[in-house]
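Indexing begins at 1, ligand by ligand and atom by atom, following the structure's order. Owing to the predicted nature of the structure, the values given are computational and were not obtained by experimental measurement. Index from 1, following the sequence.
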Amino acid sequence: MSEVSFTPRVFSGIQPSGRLTLGNYLGAMKRFVEMQDEGRETIYCMVDLHAITVWQDPADLRRATRELCAGYLAAGLNPEKSILFNQSQVPEHTQLAWIFNCVARMGWMQRMTQWKDKAGKNQQNASLGLFAYPALMAADILLYHATHIPVGEDQKQHVELTRDIAIKFNNDFGQEFFPIPEPVIEGAATRVMSLRDGSKKMSKSDPSDMSRINLTDDADTIAKKIRKAKTDPEPLPSEAKGLEERAEARNLVNIYAALSEQSVDQVMADVGGKAFSEFKPMLADLAVDRLAPISQEMARLMGDVSEIDRILGRGAERAREIASPILQKTYDIVGMVGAKG
Ligand code: AQP
């Protein structure tokens, strides 16, 4: 087989499954904007079909999808530069996902930590969609021949599974048709943890609102959540090594480093020896300073949902222009009569 080179293309998505969190922002969105501003070809999706793998109230889903789009725009994504759309409006995602359902193996899916975490002890009662989630995610990425996938640490395993699907498809059909995409996991906060429990990821769907900072929180709420964040009684150490056994302290320092765009070592040099009673207000001020412009812009954008819908509609058209020929070529490779390969 000859070495095929693919044009670099960035793809990623976020589920409209609740309010955007600081974890989504630091783990994913901040990097989305940087990659766009580096002049790369960038495609960012609101993965509404993924969101419904667990129950979503229809009115909440509609609001969350528009609010997610507002969050993308407020964080700095420009619909003239990046393609922004919601997944359900590009039917090629589910069409390619079906092909990948037939490529991926049950054992691969059963090993996924997100499946095990979200299905919990009652797997028999989880949706089939939740089990097949990674095949749809592989379709999201490979439908655009995307090569670079900015994600938080928790999604690394799914990007690896996407690579396995691409490799198996290419081997099965004897063609280097799909690129083997790379996860891009960068920054001081690739895994932001819950403010209430340093062993759990900060998550949109955590039942406790105090566990996370939402991008829509006002300044007082952010300050209160940080003030009440779980910590330990010791002062902060002056080196990162001293945080190894202190999950909650490490989390707050990582958040501070990511928001202030410093390394953890630089932060430790400044805050080492301080008590949390001194450090938490510093963190709250920084978080408010960085997040307030985003939440204010989100609120402004949500005042005109017709403009958001227009951006999403235009984004879906542009996405389909790329996706449709790749799906047709996939169908042709697989042997579907009538495919326009
Ligand atoms: N806590 C986090 N730290 C760093 N990155 C995170 N991401 C999510 N939580 C953190 C990254 O945000 C992107 C979008 O995530 P998603 O909405 O597709 O799904 P998720 O990873 O399951 O995020 P949530 O907030 O936990 O959603 P729910 O509660 O609905 O499951 C991804 O790149 C993810 O890594």
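- Between His158 and Tyr133, the two ring planes are tilted [angle within 30° to 60°].
- When ring centroids are compared, Phe131 and Trp115 come within the 6.0 Å threshold.
- Summarising the geometry, atom CD1 belonging to Ile213 is positioned 15.0 Å from atom CZ belonging to Arg19; distances are rounded to the nearest 0.5 Å.
- Within 4.0 Å of ligand 1, heavy atoms belong to protein residues Gly13, Ile14, Gln15, Ser17, Gly23, Asn24, Gly27, Ala28, Gln114, Lys118, Val151, Gly152, Asp154, Gln155, Thr190, Arg191, Val192, Lys201, Met202, Ser203, Lys204, Ser205.
- Aromatic ring pairs are classed by plane angle as parallel below 30°, tilted from 30° to 60° and perpendicular above 60°; the pair Phe173 and Phe169 is tilted.
- If you look at His148 and Phe11, their ring centroids are not closer than 6.0 Å.
- When ring centroids are compared, His93 and Phe100 stay outside the 6.0 Å threshold.
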